Protein chains: 6
Amino acid sequence: MFQHSSKLQYSVKVDKPDPQFAMLLQQAIGGVEGEIRVAMQYFFQAMGARGDDRIRDLLMSTAMEELSHIEMLGHAVALNLEGAPVSYQEESARDPIINAILGGANPRHLLSSGLSAMPVNANGVPFDMSHVYATGNLAADMMANVAAESGGRVLASRLYNWTDDKGMKDLLSFLIARDTYHQQQWLAVIEELGGFEKNLPIPNSTPEAHETTEHSYYYLNTLTDKKAPEGRWNTGPSLDGRAAYS
Amino acid sequence: MFQHSSKLQYSVKVDKPDPQFAMLLQQAIGGVEGEIRVAMQYFFQAMGARGDDRIRDLLMSTAMEELSHIEMLGHAVALNLEGAPVSYQEESARDPIINAILGGANPRHLLSSGLSAMPVNANGVPFDMSHVYATGNLAADMMANVAAESGGRVLASRLYNWTDDKGMKDLLSFLIARDTYHQQQWLAVIEELGGFEKNLPIPNSTPEAHETTEHSYYYLNTLTDKKAPEGRWNTGPSLDGRAAYS
Amino acid sequence: MFQHSSKLQYSVKVDKPDPQFAMLLQQAIGGVEGEIRVAMQYFFQAMGARGDDRIRDLLMSTAMEELSHIEMLGHAVALNLEGAPVSYQEESARDPIINAILGGANPRHLLSSGLSAMPVNANGVPFDMSHVYATGNLAADMMANVAAESGGRVLASRLYNWTDDKGMKDLLSFLIARDTYHQQQWLAVIEELGGFEKNLPIPNSTPEAHETTEHSYYYLNTLTDKKAPEGRWNTGPSLDGRAAYS
Amino acid sequence: MFQHSSKLQYSVKVDKPDPQFAMLLQQAIGGVEGEIRVAMQYFFQAMGARGDDRIRDLLMSTAMEELSHIEMLGHAVALNLEGAPVSYQEESARDPIINAILGGANPRHLLSSGLSAMPVNANGVPFDMSHVYATGNLAADMMANVAAESGGRVLASRLYNWTDDKGMKDLLSFLIARDTYHQQQWLAVIEELGGFEKNLPIPNSTPEAHETTEHSYYYLNTLTDKKAPEGRWNTGPSLDGRAAYS
Amino acid sequence: MFQHSSKLQYSVKVDKPDPQFAMLLQQAIGGVEGEIRVAMQYFFQAMGARGDDRIRDLLMSTAMEELSHIEMLGHAVALNLEGAPVSYQEESARDPIINAILGGANPRHLLSSGLSAMPVNANGVPFDMSHVYATGNLAADMMANVAAESGGRVLASRLYNWTDDKGMKDLLSFLIARDTYHQQQWLAVIEELGGFEKNLPIPNSTPEAHETTEHSYYYLNTLTDKKAPEGRWNTGPSLDGRAAYS
Amino acid sequence: MFQHSSKLQYSVKVDKPDPQFAMLLQQAIGGVEGEIRVAMQYFFQAMGARGDDRIRDLLMSTAMEELSHIEMLGHAVALNLEGAPVSYQEESARDPIINAILGGANPRHLLSSGLSAMPVNANGVPFDMSHVYATGNLAADMMANVAAESGGRVLASRLYNWTDDKGMKDLLSFLIARDTYHQQQWLAVIEELGGFEKNLPIPNSTPEAHETTEHSYYYLNTLTDKKAPEGRWNTGPSLDGRAAYS
Ligand SMILES: [Ca+2]
Ligand SMILES: [Ca+2]
Ligand SMILES: [Ca+2]
Ligand SMILES: [Ca+2]
Ligand SMILES: [Ca+2]
Ligand SMILES: [Ca+2]
């Protein structure tokens, strides 16, 4: 069962409302790099997790935290929209700065949501649940989670650079920190499961007989006017410890 | 902040797993009549609710309950998929009953989710968040909520009829009961706000000067070979008490 | 069969074209609060309506009116785009006002539609038909219709506030009036069917034996640090007249 | 303005209801080859048509006919669903034929629509309006219309082959006939505009100076182990009469 | 098998980066008129092509060219985003020109893609593969291809008018030229197959007995206050040479 | 520039056509775990890759291989649909096995594509390009790629188990092998960049001052009735070597 406490996970302040920044923040709510995605991904992975109870708990517990991140960002969007003009004023039409601000804002914050957050990205495209990756294979799901938290931290870092609002920078520095942890949290699950060497290839339950292993360790160059790029991927022992790359 | 207790809101049992019914249950999870929709709709409405704190609390509290309904249905899907064949057996190919069962199941329960619930509907179409209706106008949002709970109870009633599994019937009878309450819960908010007479037309904040009221109380017949259907909609005083219908 | 008359339902005038407002008007055409949605919703509900012919006629007749609203708004979009620049002029690049106007306009009005309306919302997201709610249960459908007309009137009121163009204000005041009527039209159908007391819970055909009625009349508080909000929803007799709330 | 007459454009009869065929018919309603698409495409093209009033009238008039095709197909779906089982019967679970029928039917016809048509395709995917092609360029739009009517007639022909229901075959033979005409209707508009020779390349308003015409008349072979296929596309005078192909 | 050469099909230069134009170019990459669509459409049509090998080769060969167009446009987007501000500078907030530029740019170019192209249109809506039209009927597919190339050339011509960047004009004049050819290339396939007279109605394999041919050659007027528009579509011999229009 | 050779990357044989398996294979073409996704993801990442040319080449080269995988799977789908009934035969309606086969097949393979592959998943839902993850940050993109190849290999392994067709098993064992390599190929890029220790947290360019590092290394337990699950994620030194977990 789910419960709610009225305290936010971290305080949310906005020094100067900015409807443009409200629009940008939407990417962190409803974008593929955003919090709805990880909240729902961890929730559905938890429901599908069998075996080790600790991992199921870890997934469900973190899903709660991500829902709490949606909540904080929802507050941040509303605070940035505070005082946004909701009706026409003749003089504003002549003021290019106001027009520019409106030009960069999401008009649906004004028309559709009544100045609050929506489950859409920075282009106003609604989040769709096909981005909830949950295969029932733990290692595959962990990689999807690390990928999601990496994209999330890239986004939060760019949002941090984009604003000079102290309140917003503070909130984003917290979200950046939690993304730091969550990347490592999911990689730590891989380590608990024996590390990459034991888990690769994912899924490690596929019998070797189901694989034409002579095709499992070479780079295929399909470039007609370039030699194969050289690097770790075609030199040395394979990362799963079973062969050498070529 | 969000928290999770390991107890389910109501017990979930399946007497005989049925992969076809797992597919049908998906409509109650990821369909437009489903639980993801109401959970997210109440959550986003709560974040946008200003004014009366009680309503904001009511919305957030109910969002938690709906998340708990997703959780129960997720269990129900997994239990119905228990024991579903995950690999080919020669004899099964000759058994039309098994083929029929598979024919009616969602193949992605086998291929993509590892026998657990997905955030999709009974056709496998992922839920998309454009169905989260939250306008910032309380009366409009309440009507959207009653509509959602009505569609939800229609669906749960049809699912109840469709199965003869006692466990599933029991779970559905609980969800039907909660939908009964939630319909009235949201209508009770309208009553708290003064009832339909005071709230109609929604939004009741639109100045009368913004409306060509001579067009506000008549039925327009666009049928070329039928007379206007007669009924309450074109007879008697208007429901907002301001005029007579024609 | 469908037919078309060349007269608009109401006259459409634009005093001063405004490509930004053309973009905002798109929400009323292709948004979830818009006219495509209600037109298609009433059309599909009409095709599914069995029993009382009057309701089927009411639905089909109103579907026609909503198609006529798309038509008027399509004219309004085209008139607002009249004279929009379709090619680059060096001086304009230096003029922040023109840039701001373009910044706020939908570039696809220029690139894709040739300065006319598209079936998209104010973010340029195309309408998708999953928003056509039609369950085959009349009371549930009526609630969905009242919800749609409420969202529609909220939107039209906001658009009215957003523009100072007299022609546009006149058109919007007409659409506001029709939304006023349509809300009550669909509620009047509920009254014809016996009112909420007789129709709740929706659907009223579910046998009481299919419902664990001991769970049908209480508010569930899931808030860990707040008492249950008190109001009509947990006090007094239930709206369906069968129990008392708690 | 839009109006409705209660007569269908053509009679709709079903000799023996078939829920599987109801599902297939959905492709003709909500598929990209279906009637919602052409109805909306012609409607939006009509709203964007400038210049020759005859073409605007042709588009709007044909949009009405396509709406009437949705209506007939909606009837056909409902008739094919008549008598479909809406509740479980123990014996049916043992009857592979019934299971197979249900396996091939759209479960949402039972769960979501109450045995009537939905705006979705044969996979249950809702139609989305991005398929409404309307560029504001008449020749480009006509080609999109011929393409739509070609896809539509391919589909109707396949549906005709799929059923042995006389009523359904009769309806489909009518829709096939109208698709025959509509293909030629839109090609006839090209002829009215001067034929392909005058209209190619589309749009014919692009100044020759905006085109590197030395790249306008040759086939580019990108196949590494095959010679360029020879045919009309790289032999003889160009179809626009301005050059020779190579 | 697919291969890649590092040479672009045509040189791509941008004289002065312009983030607004980067956003507009996205329509040519990920719009329904764009290059992803034709690349994938020709690829899937090639995979479904049976019979004449030349057509299959033509389709696959042209699919390669369209992938190469995506590649060129991807370069063009990146070049237009070069030097775009990725962090806040206090003075910029006061500079309406910079704000206007940002107002018109896609914020996800800054937040999500790291200043490079995305598979989305000019509104930021991702391309979806339902626009890959491939019926397995060659004539129907050719009409879809001509329609796609017509929409593409309309778009490229509008983009050409929109920019005054010499590099961009040069690239667009090349794409316009290739669209010119591709329109005729696909029409040439129709000619190889016997021309419209032999191919109409599409598909020409439908037995005449499957069509109520008395409905195949007349225009249906559904306009209640206008006479049928007169033109080639209701006068003279039918384009398939089998009847006269009426 | 892109080029095509007529040789497939690996031979594709089907011993016994099976329309149900054709439907399942669609997941590997148009599912989120499928080949269109990785092909487009690597292509767009390549276009955004700056800096090390080897990585750009690796991305583009692998994109070509993935396009070649679509091609092989497209052949496999067509071969599995060979001989599928395209018209009704009275006796078949009585044969539950045939009905079951059809019940499990995608009807659009018969109605829409003419018995060939479509860019959709096993539920018939079209692929949409929002699943092309390309952030412009190399490490984040590599994690997304490993996640994609992990999901892909899970799917291919399940498809392998699902069929007993020797030809299909052979093709899948090849695809499984290439997924094995590609997982390690992308992890090898991380190693080239200095390994996880140097790359974590992703992105490693975010200044430490932008992060509230006191929140970067602890697990947050939100479970109300369970202790924090213990494991590598809250014990020992952090994976980035900068702190200890708690
Ligand atoms: Ca987070
Ligand atoms: Ca519920
Ligand atoms: Ca309306
Ligand atoms: Ca038609
Ligand atoms: Ca092209
Ligand atoms: Ca692959």
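Fair warning: this is a prediction, and the values are worked out from it, not measured in the lab.
- Expressed to the nearest 0.5 Å, how far CG of C:L111 lies from CD of E:Q26 amounts to 12.0 Å.
- C:N123 and E:N123 are not linked by any side-chain donor-acceptor pair at a separation below 3.5 angstrom, with hydrogens and angles left out of the test.
- Note that OG1 of E:T222 is 6.5 Å distant from CE of C:M1, once rounded to the nearest 0.5 Å.
- Looking at E:D225, its side chain does come within 3.5 Å of a backbone N or O of C:S6 through a donor-acceptor pair.
- E:N221 does not touch chain C: none of its heavy atoms, backbone or side chain, sits under 4.5 Å away.
- The CG atom of E:L155 lies 11.5 Å from the CG atom of C:L110; values are rounded to the nearest 0.5 Å.
- Atom CG in E:N121 sits 5.0 Å away from atom CZ in C:R108 (nearest 0.5 Å).
- Scanning all heavy atoms of the two residues, the minimum distance from C:S112 to E:Q27 falls at OG-NE2, 3.4 Å.
- Across all their heavy atoms, E:A122 and C:P107 have their closest contact at O-CG, 3.9 Å.
- More than 12 heavy-atom neighbours from other residues, nucleotides or ligands sit within 6.0 angstrom of CD on E:E214.
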